[in-house]
Amino acid sequence: MTIYGYKRVSTDEQVKGTSLQTQKTMIEGVAKSNLLDENAIVWLEEKGISGGKKFFERPAIEDIEFEKGDIIIVAALDRFNRDVVDCLTTVKEFKKQGISLIINGHGDVTDDGNIYSTFMMQIMAVFAEFEKVKIKERQTRGIKEKRERGGFLGGKTPWGCYKIGTGQKSVLQEKPERRRAIEAMIRLRSEGKGSRPIAEYVSNKFLKVTHQTVIHLLDELDSKKTKSL
């Protein structure tokens, strides 16, 4: 039998200072209250891992070969899982394998005799899923607001633009030549020029550009024009 202590913080929670040490202390307390040796705990720690990621696919878990009789202790339900379907599926799998999952405040949720705690675990799983959806909504709203402000959402800087500032306050700024360069691309294509001659002309006259970028920009403009019709 192995006693595992599972600790997890997501990237956002690390920034906010959620303590792995606090979880460790709580797990040790749960072990003591269940007459288990807290000094024998094997620690499984996740940093920067979302609670929405499937439990058995997490880095600290995927290579562990749990055996019948093993015990997993978690400081709180949301440290274990924020996805209601995966949460209940994982608990079901633990029961099948004879593995115990003890969640602080709920007891052994794999014990069929622990009806109250199992019921409470299911209710809390629903709330955890709801919170996950709300977090996603806030992220989506934040991205939309930043896009409307002209903020930079990360990734590769678009052709003909440069980034001003850092982090969440960064914004994109077009280079003065970008609009005239795109106008030239449109004009040259209408004259029957191919992407390579267009790229050569724009690179010499305005901004350096590859023929692949020319194709991408013109396709993107065509797509926007079609959607507006």
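In the hydrophobic clustering of this structure, I64 groups with F56; members are Ile, Leu, Val, Met, Phe, Trp, Tyr whose side-chain heavy atoms approach within less than 4.5 Å, directly or through other members. Under a hydrophobic-cluster definition in which Ile, Leu, Val, Met, Phe, Trp and Tyr are linked whenever side-chain heavy atoms come within less than 4.5 Å, directly or via other members, F206 and M185 are assigned to the same cluster. Residues F119 and I102 fall into different hydrophobic clusters, defined by Ile, Leu, Val, Met, Phe, Trp and Tyr side chains chained together at heavy-atom separations under 4.5 Å. Note on I72: it does not cluster hydrophobically with V30, by side-chain heavy-atom contacts below 4.5 Å among ILVMFWY residues. There is no path of hydrophobic side-chain contacts, each under 4.5 Å, that joins I41 to M26.
Checking side-chain atoms of N34 against main-chain N and O of L36 turns up no donor-acceptor pair under 3.5 Å. With hydrogens and angles ignored, the 3.5 Å screen pairs a side-chain donor or acceptor of R178 with a backbone N or O of W159. A donor-acceptor contact shorter than 3.5 Å links the side chain of E46 to the backbone of A60. Counting only distance, with no hydrogens or angles, the side chain of R8 and the backbone of I49 share a donor-acceptor pair below 3.5 Å. No donor-acceptor distance shorter than 3.5 angstrom exists from the side chain of R82 to the backbone of G52, with no hydrogens or angles considered. T90 places no side-chain N or O within 3.5 Å of a backbone atom of F55 that could act as its donor or acceptor partner. Listed for the S203 side chain is a donor-acceptor partner under 3.5 Å among the backbone atoms of A199. Using a distance-only test at 3.5 Å, with no hydrogens or angles considered, no donor-acceptor pair links the side chain of D108 to the main chain of S100. Judged by distance alone, with hydrogens and angles left aside, the side-chain atoms of N81 form no donor-acceptor pair with the main-chain N or O of K54 at under 3.5 Å. One N or O on the side chain of D70 and one on the backbone of E67 form a donor-acceptor pair closer than 3.5 Å.
Here the side chains of F80 and N104 are not in contact, with every heavy-atom distance at 4.5 Å or above. At a threshold of 4.5 Å between non-hydrogen side-chain atoms, the residues L101 and V91 count as touching. Looking at heavy atoms from C-beta onward, I27 lies out of side-chain contact with V74 at the 4.5 angstrom threshold. Under the 4.5 Å side-chain criterion, counting only non-hydrogen atoms from C-beta, K47 is in contact with L20. Side-chain contact between N114 and V109: absent, with no pair of heavy atoms (C-beta onward) separated by less than 4.5 Å. With contacts defined as side-chain heavy-atom distances shorter than 4.5 Å, the pair M1/I3 qualifies. For the pair K24/K7, a side-chain contact is recorded, criterion being any heavy-atom separation below 4.5 Å from C-beta on. Residues R189 and D222 meet the side-chain proximity criterion, which asks for heavy atoms closer than 4.5 Å.
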Walk me through whether I99 and I71 qualify under side-chain contact (heavy atoms from CB on, under 4.5 Å). CA-CA 6 Å; I99 300 166; I71 299 172; over 6 Å; no
Side chain to side chain donor-acceptor pair (under 3.5 Å) between Y6 and R58: does it pass, once the steps are laid out? CA-CA 11 Å; Y6 179 75; R58 298 177 192 176; 2.9 Å; yes
Between F66 and T2, is the side-chain contact (heavy atoms from CB on, under 4.5 Å) condition met? List the steps. CA-CA 8 Å; F66 294 109; T2 303; over 6 Å; no
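Side-chain contact, T22 with T25: no donor N or O sits under 3.5 Å from an acceptor N or O.
Note on D86 versus K53: no salt bridge recorded, every NZ/NE/NH1/NH2 to OD/OE distance being 4.0 Å or above. Salt-bridge annotation for E191 and R187: present, with a side-chain N of the basic residue lying under 4.0 Å from a carboxylate O of the acidic one. Under 4.0 Å is where a charged nitrogen must lie from a carboxylate oxygen, and between E200 and R196 no such pair does.
With values rounded to the nearest 0.5 angstrom, D83 atom CG is found 9.0 Å from S50 atom OG. Here NZ of K205 is found 13.0 Å from CG of L207. Values are rounded to the nearest 0.5 Å. Separation of atoms OG1 (T110) and CD (E93) is listed at 12.5 Å; rounding is to 0.5 Å. Atom CD of Q23 sits about 9.5 Å away from atom CH2 of W43, to the nearest 0.5 Å. Remark: D37 CG to L35 CG distance equals 11.0 Å, nearest 0.5 Å. Here the NZ atom belonging to K32 is positioned 8.5 Å from the CG atom belonging to N39, to the nearest 0.5 angstrom.
Counted within 6.0 Å of CD on E174, heavy atoms from surrounding residues, nucleotides or ligands total more than 12; the atom is thus considered enclosed.
In plain terms, the two heavy atoms of L77 and C87 that are nearest each other are CD1-SG, 4.0 Å.
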